[in-house]
Amino acid sequence: MKRIVREVKESMQRKKGLTFLMMFGITVFLAIAIVLLHTYLSIQEKKASVASFEGLNVYQLSDTLVEEVDWQSYLNEPGALEQVKQFYTYLEEDLQEKYIYIFTQTHPCTTY
């Protein structure tokens with residue numbers, strides 16, 4: 001056994017470049033494998049959390065206001081913000097189901 005270890009050490013000393021490249025390759029391979037495993041587990045976790053919303057009702061304020069122009073014209077109508085407020089008040093107070101808020105903010109918020 002000592003002879004094999006000695007042979008390996010001598011070989012590594014003679015071929016330092018090859019040994020370095022092999023170690024570097026193994027390190028890169030392991031790093032990529034760990035990243036892929038972490039990504040896969042993260043996707044599975046997110047998939048499980050999304051599955052909990054499967055089969056629930058969908059309530060949308062803007063069913064027909066798909067285009068940005070339509071949404072902006074709706075918001076310019078008098079009482080539009082009051083309707084939005086009533087809709088979310090209904091979700092918070094009257095609806096006895098699980099729900100999730102999904103917002104798409106098209107412009108940045110500014111701090112006053």
Donor-acceptor pairs under 3.5 Å, side chain of residues 6-13 to any protein atom, not counting sequence neighbours: which ones?
none

Hydrophobic clusters join Ile, Leu, Val, Met, Phe, Trp and Tyr when side-chain heavy atoms are under 4.5 Å apart, directly or via other members; which others share one with Phe24?
Val28, Ile32, Leu36
Apply side chain to side chain contact (heavy atoms under 4.5 Å, CB included) to Thr89 and list each qualifying residue two or more places apart in sequence or on a separate chain.
Glu93
Connected to Tyr40, directly or through other members, by ILVMFWY side-chain contacts below 4.5 Å are Leu37, Leu41
Does Leu18 sit in a hydrophobic cluster with other residues, and if so which ones, taking ILVMFWY side chains as linked at heavy-atom separations under 4.5 Å, directly or through other members?
Met22
According to side chain to side chain contact (heavy atoms under 4.5 Å, CB included), who are the partners of Glu82, at least two apart in sequence or on a separate chain?
Lys85, Gln86
Are more than 12 heavy atoms from other residues, nucleotides or ligands located less than 6.0 Å from atom CD of Gln44?
yes
Check: Ser42 side chain, His38 main-chain N or O, donor-acceptor pair, under 3.5 Å
no
To the nearest 0.5 angstrom, please state how far the NZ atom of Lys15 sits from the CG atom of Leu21.
13.0 Å
